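Reminder, nothing fancy here: chain letters follow the sequence lines and each chain counts from 1. Predicted model only: the values in this text are computed from it and were never measured.
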There are 2 protein chains.
Amino acid sequence: MELDIRKKKILQAIIKNYLETGEPVGSRTISKYTDLELSAATIRNEMADLEEMGYIFQPHTSAGRIPTDAGYRLYVDDMLQSRTEELNEMSADLKNRSELLESRSELLERREEELDTAQSNVADRVERIESVLKDVVKMLANNTNYTSVISMPQANRNKLKFVQLTQIDEKKLLCTVVLEGNIVKNEMIRIDTDMDQQILLRLNLLLNNTLNGLTLQEINFDMAARIAEQAEQYGPLVSDIINHIAATIGSADGIEIFTSGARNIFRYPELSDSMRAGELISTLEEKELLTELMTDTGEESPDAGTGIQVYIGQETSVSSMKDCSMITATYEFEKGVYGKIGIIGPKRMDYEKVVDALNDVTDSLDRKFSKKR
Amino acid sequence: MELDIRKKKILQAIIKNYLETGEPVGSRTISKYTDLELSAATIRNEMADLEEMGYIFQPHTSAGRIPTDAGYRLYVDDMLQSRTEELNEMSADLKNRSELLESRSELLERREEELDTAQSNVADRVERIESVLKDVVKMLANNTNYTSVISMPQANRNKLKFVQLTQIDEKKLLCTVVLEGNIVKNEMIRIDTDMDQQILLRLNLLLNNTLNGLTLQEINFDMAARIAEQAEQYGPLVSDIINHIAATIGSADGIEIFTSGARNIFRYPELSDSMRAGELISTLEEKELLTELMTDTGEESPDAGTGIQVYIGQETSVSSMKDCSMITATYEFEKGVYGKIGIIGPKRMDYEKVVDALNDVTDSLDRKFSKKR
DNA sequence: GTTAGCACTCCACTAACACGAGTGCTAACA
DNA sequence: TGTTAGCACTCGTGTTAGTGGAGTGCTAAC
């Protein structure tokens, strides 16, 4: 059996209707509220076919139809494709582009304003990226009524840019590590050896000369031993310090994620029962399971190229999210340093609205960060 | 009407039973399962009195009784008092002490072990306080089946200990700020002025000489202006830097809080309905509302002195927690630098077990951190 | 002051039933 | 051959009525 245009239209109608109402949709509804001009009986026949093909299913006999994951996938792929085509047209014809942009501009402006006011609260304070991201993710959650997630920007390969040791008191050294992409980490190191400024200066030089430009993978035991040798009697101290540095770089791998609007899952009955909600909340709270999704570059995903990735149901391979869909987008903090922003909702979420919202937000983040540079 | 001993015993019996079963408790239950040897009818009379006094109430006619907040308060105060008395006895008589300790030792040891294994995962990595706290709070949530909360240790008055400017590249200075209690913060500062090592050294000296030992309150515009003046042509840059430093100290006020086991609220039906659960989840996610509770020194609380604080229902003044109780304890990270650990559960939580668990955890944290010094 | 007895209340649970939305199938129609 | 009307059937939802049991308050007797 093949998926002709009429079937596709009916499938789309079913999904659209289901997204709006959240109720199984029956043949009568489709026959009445679409421009297909077909009777309910005909629709029923087509629906039986669609069910056989695995795009829709009935929760029970004598109920309407609900899209399956495959159905959603088809719908989303179509949607994304028509989006990118639209985008291409837009860039081909500048006039059209500005007109089309205008149609979206209200929403965009409002969001922009909110972004600005969110930051004017910290106007004369220094703008801290962390709080910017927290504001953004909160705003997104509020606007969409879905749970939102954002990751701190992350260099894809953490190269060491700069190390500095500073003496804090007799027993403590502060080790400041700067990574590619200007990610800064600190580590307090307890020492037993006596120290003076001269030695500290020498150690700083030694460490910077030998370690700068290296990744965590390149700083191994072998190399640590060689450097420690050069440090003569300070060898043990130096190898201790190198351990700390390695650990620090490693900890920078631990991507930081903020969530907002977790309570929104209670808006959707299919996610609200204690079991499901509890598991989801755990996933959001512990964040480990999210990192995979928030670092997935989506190279081989069907939505590649647009920067937008859509995971439907099981596609996340996070079991607590099997009844959810997640859409992510990438923003650029500095050249080569990216972060992700995502939205988690029920499978019947408003994919179009969410994709728009994410595009707007990443656009405005990109502009904001590039302006700063 | 006065609260004689018999009434108190009955009240305690009611509460104990309710904590166990979660069901309203009737007169028959009390008359059968206590050593009071009174008939149900007598208990009923006493119950009517206790209700009049506001310690218990009926969810509806012809149901058993449930403790009110006042009832819980009485119960908890009694419990805490007998605990501290027990403690005093223990310290008075060393022999007794070791015996009593032994009785608790199993639990303590198991917990200790878990703590250790939790950390041996990061054995050869550097032990980062953040991950230690996260492990602890997670363990606590798992052991108690309540939601747990922990705050990063925080100096009560943030004094500046040390500042350092470092040049990262032509356009960027890294400003490292160390506060009393060895809290380290970083700030990236964009500059337009040209820089060289000489000038940087001078600025570093100037800033450290003038700012060290000051609190945020003491670094005002007036002083910034005076320092900027001393910096001659670098005045604007310096005042910009001072702004950044002030902002950084300010941001250190933003206490960091980790939560674990949020899903545990679904174990307790009285917290699980969408509305309540949603609000609670929000409170846990946003954390702002928790800061007040997690910084409350509890000086004027009824449980003062023990380090343990108990908030019952409305006592938290956080509306989403009106059906919860929260118990917090204080741990010491360094001298004068404290953090708090807390447990949030239904009002009918097992107060005794929780107090024990918190005492154990703070003890072991105290020991761990003091050992490290 | 304590207790047994009794009438009363109210929740929780179950069974029965009606309703309605939706289906699949068949037969008729264009 | 594709489309449509009609019809019997299914199944979840909501309503109603009825029952049982746990618990109370009150009264009267001990």
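- Scanning all heavy atoms of the two residues, the minimum distance from B/Gly278 to A/Arg263 falls at O-CB, 3.5 Å.
- Under the 3.5 Å distance criterion, with hydrogens and angles disregarded, a donor-acceptor pair is assigned to the side chains of B/Thr259 and A/Glu285.
- Surrounding CG of B/Asp35 are at most 12 heavy atoms belonging to other residues, nucleotides or ligands under 6.0 Å away.
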* Go ahead and write out DNA chain D as dot-bracket, 5' to 3': ( ) for pairs within the strand, [ ] for ones crossing earlier pairs, | when the partner sits on another strand, dots for unpaired; Watson-Crick or G-U wobble, both distances under 3.5 Å. => ||||||||||||||||||||||||||||||
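- For A/Asn45 and C/dG24, the CG to P distance is 9 Å, given to the nearest whole Å.
- In this structure, A/Ser39 does not reach the D/dT3 phosphate: none of its side-chain N or O atoms is under 4.0 Å from OP1 or OP2.
- B/Arg44 has no side-chain polar atom (N or O) that falls below the 4.0 Å cut-off from OP1 or OP2 of D/dT27.
- Residue B/Ile43 contributes atom CD1, which lies 12 Å from atom P of C/dA4 at whole-angstrom precision.
- Atom pair A/Leu36:CG and D/dG2:C1' shows a separation of 15 Å (rounding to whole Å applied).
- Using a 4.0 Å cut-off between a side-chain N of Lys or Arg and a carboxylate O of Asp or Glu, A/Lys353 and A/Asp356 do not qualify as a salt bridge.
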* To do: Begin from the C-alpha positions of B/Gln309 and B/Tyr311 and carry the test side-chain hydrogen bond (donor to acceptor under 3.5 Å, both in side chains) through to its verdict.
  => CA-CA 7 Å; B/Gln309 282 166 264; B/Tyr311 306 87; 2.9 Å; yes
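- There is no side-chain donor-acceptor pair under 3.5 Å between B/Ser274 and A/Ser272.
- Looking at A/Tyr146, its side chain never comes within 3.5 Å of a backbone N or O of A/Asn142 through a donor-acceptor pair.
- For the pair B/Asn17 CG and D/dG23 C1', the computed distance is 14 Å after rounding to whole Å.
- Atom CD1 of A/Ile30 is separated from atom C1' of C/dA21 by 15 Å (rounded to the nearest Å).
- With B/Glu51 as the fixed residue, the salt bridge (charged side-chain N to carboxylate O under 4.0 Å, His left out) test singles out one of B/Arg65, B/Arg44, B/Lys7: B/Arg65.
- B/Glu270 CD: more than 12 foreign heavy atoms inside a 6.0 Å radius.
- Between A/Arg28 atom CZ and C/dG24 atom P there is a gap of 16 Å when expressed in whole angstrom units.
- Note: CD1 (A/Ile10) to C1' (D/dT3) measures 12 Å, nearest angstrom.
- Using a 4.0 Å cutoff on non-hydrogen atoms, the parts of residues 46-67 of chain A near DNA chain C are A/Met47, A/Gln58, A/Ser62, A/Ala63, A/Gly64, A/Arg65, ordered by number.
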